[in-house]
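I have placed the structure first, in the form of structure tokens, so that the comments after it can refer back to it.
Only heavy atoms go into these numbers, but all of them, side chains included; no hydrogens, no water, no symmetry mates. In what follows, every chain begins at residue 1, and chains take the letters A, B, ... in the order their sequences are listed. This one's a predicted model, so the numbers in the text were calculated from it and none came from an experiment.
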There are 2 protein chains.
Amino acid sequence: MNIGQAAAASGVSAKMIRYYESIGLIPKTVRTESGYRVYSDSDVHTLRFIRRARDLGFSVEQIADLVSLWRDRERASKEVKRIALEHVGVLERKIEELQQMAGTLKHLARTCHGDGRPDCPIIEELASEAAQAPPLKTDAKFGLLGKATAR
Amino acid sequence: MNIGQAAAASGVSAKMIRYYESIGLIPKTVRTESGYRVYSDSDVHTLRFIRRARDLGFSVEQIADLVSLWRDRERASKEVKRIALEHVGVLERKIEELQQMAGTLKHLARTCHGDGRPDCPIIEELASEAAQAPPLKTDAKFGLLGKATAR
DNA sequence: GCTTGACCTTCCCATCATTGGAAGGATTAC
DNA sequence: GTAATCCTTCCAATGATGGGAAGGTCAAGC
């Protein structure tokens with residue numbers, strides 16, 4: 001079948017199939033005389049595998065590992081589990097971070113009238129001085145020069 | 001002060017300060033004769049405001065709105081609250097999505113031995129046929145042609 | 001046989017926020 | 001004066017995806 005049909009059957013867009021091929025996640029396919037890519041049911045199966053992993057938030061790099069583990073009949077489930085749990089850890093850290101953000105904002109919104117008055121705790125909090133301005137990445141490769149460099 | 005000092009004082013990297021200037025999030029600064037950007041304490045205040053909003057996950061576009069609302073003494077808190085709550089909604093949808101992913105993976109990992117044996121429910125689930133392959137975005141602008149186009 | 005329309009190809013560009021680096025000029029410390 | 005550190009602009013890359021142009025191919029209908 002052609003790429004469009006493989007896309008429809010796998011749920012991975014034709015664009016992405018070509019991209020996955022270009023980065024080596026999937027091998028180069030056979031082509032017709034005129035250059036059309038040709039896919040087998042087995043290829044579609046692989047694409048569907050990839051799509052599921054992607055839907056679970058795995059990165060392309062992780063997916064590459066999972067695909068090769070999938071192909072390896074002798075694999076140890078230990079490795080798969082390790083990748084999965086590592087990813088769970090990443091997801092959970094991200095969740096916590098978002099929850100922190102949402103919590104802060106909800107709290108601020110709760111104390112905001114939300115009417116026509118200009119008073120707004122949300123803005124006030126954002127503008128407040130009481131913030132640590134920690135990990136910085138400036139152009140400077142070393143700390144600030146001297147002391148009274150400011151003007 | 002110079003950009004490096006403004007960066008250190010605000011927690012926004014020099015790179016990002018220039019970027020924010022280039023996209024118009026912050027106005028162009030005064031320059032010294034030799035072209036160095038010069039920042040005031042007030043500018044640093046703005047940058048810190050921006051950094052906080054960014055830390056709360058607001059997009060640059062939203063931050064631009066928040067900054068202009070901040071500058072507007074006559075603003076209605078209603079608008080600020082609307083932006084904040086809209087963002088909370090986005091965050092919560094994202095959280096739910098990630099929780100779904102993490103939940104599925106944890107469930108799969110729980111049923112995986114994680115030892116040297118090749119049996120692995122995680123891989124099996126990813127490879128299973130039982131998946132809907134719905135919303136697709138192919139190159140094709142219309143559905144598949146005819147019926148027996150495949151070869 | 002020829003047109004038409006849907007499909008395929010490659011190539012480039014854009015996203016979003018951020019970082020990295022190169023090449024070169026300015027300033028400061030010593 | 002020199003070296004270290006800062007600044008400048010410009011270009012590129014990230015990750016995964018979509019948009020679109022320019023052009024070739026295929027199948028159907030006339």
Looking only at C/dT18, D/dC7, C/dT9, the nucleotide nearest the B/Y19 side chain is C/dT18

Considering only heavy side-chain atoms of B/M16, the closest of D/dG18, C/dT18, D/dT8 is C/dT18

Only one of A/K15, A/R31, A/K28 clears salt bridge (charged side-chain N to carboxylate O under 4.0 Å, His left out) with A/E21; which? A/R31

Just how far, in rounded Å, is C1' of C/dT28 from CE of B/M1? 19 Å

Whether B/R51 contacts C/dA17 is assessed here as follows: a side-chain N or O lying under 4.0 Å from the phosphate OP1 or OP2. Is that the case? no

Nucleotide C/dT18, atom C1' - distance to CD1 of B/I50 in whole Å: 15 Å

Tell me, yes or no, whether the heavy-atom count around B/H113 atom NE2, taken from other residues, nucleotides or ligands under 6.0 Å, exceeds 12. yes

Would you indicate, yes or no, if D/dG18 has its OP1 or OP2 atom less than 4.0 angstrom from a side-chain nitrogen or oxygen of A/S13? yes

For A/I3 and C/dT10, what is the distance between atoms CD1 and P respectively, to the nearest whole Å? 8 Å

Please determine if a side-chain N or O atom of A/T32 lies less than 4.0 Å away from the OP1 or OP2 oxygen of C/dC8. no

B/I23 has an atom CD1; how far is it from atom C1' of C/dT15, in whole Å? 13 Å

Can B/R82 and B/E79 be counted as an ion pair, charged N to O under 4.0 angstrom? yes

Distance, rounded to the nearest Å, where B/E33 contributes CD and D/dC7 contributes C1': 15 Å

Counting only side-chain N and O atoms of A/R31, is one of them less than 4.0 Å from OP1 or OP2 of C/dC8? no

Given atom CG of A/L25 and atom C1' of D/dG15, what is their separation to the nearest angstrom? 13 Å

Rounded to whole angstroms, how far apart are OH on A/Y36 and P on D/dG24? 12 Å

B/F58 has an atom CZ; how far is it from atom C1' of C/dT18, in whole Å? 20 Å

By nearest atom, which of the nucleotides D/dC10, C/dT9, D/dG24 is closest to the B/K15 side chain? D/dC10

Out of C/dC8, D/dA16, C/dT18, minimum distance to the side chain of A/S59 belongs to D/dA16

Are a donor atom and an acceptor atom from the side chains of A/D43 and A/T46 found within less than 3.5 Å of each other? no

What nucleic acid atoms does B/Y20 come within less than 4.0 Å of, heavy atoms only: base, sugar-phosphate, or nothing? sugar-phosphate

For the side chain of B/R37, counting heavy atoms from C-beta on, which of D/dT8, D/dT17, D/dT25 is nearest? D/dT8

Calculate, to the nearest 0.5 Å, the distance between atoms CD and CD belonging to B/E92 and B/E97 respectively. 14.0 Å

C/dT18, OP1 or OP2 - any side-chain N/O from B/R18 closer than 4.0 Å? no

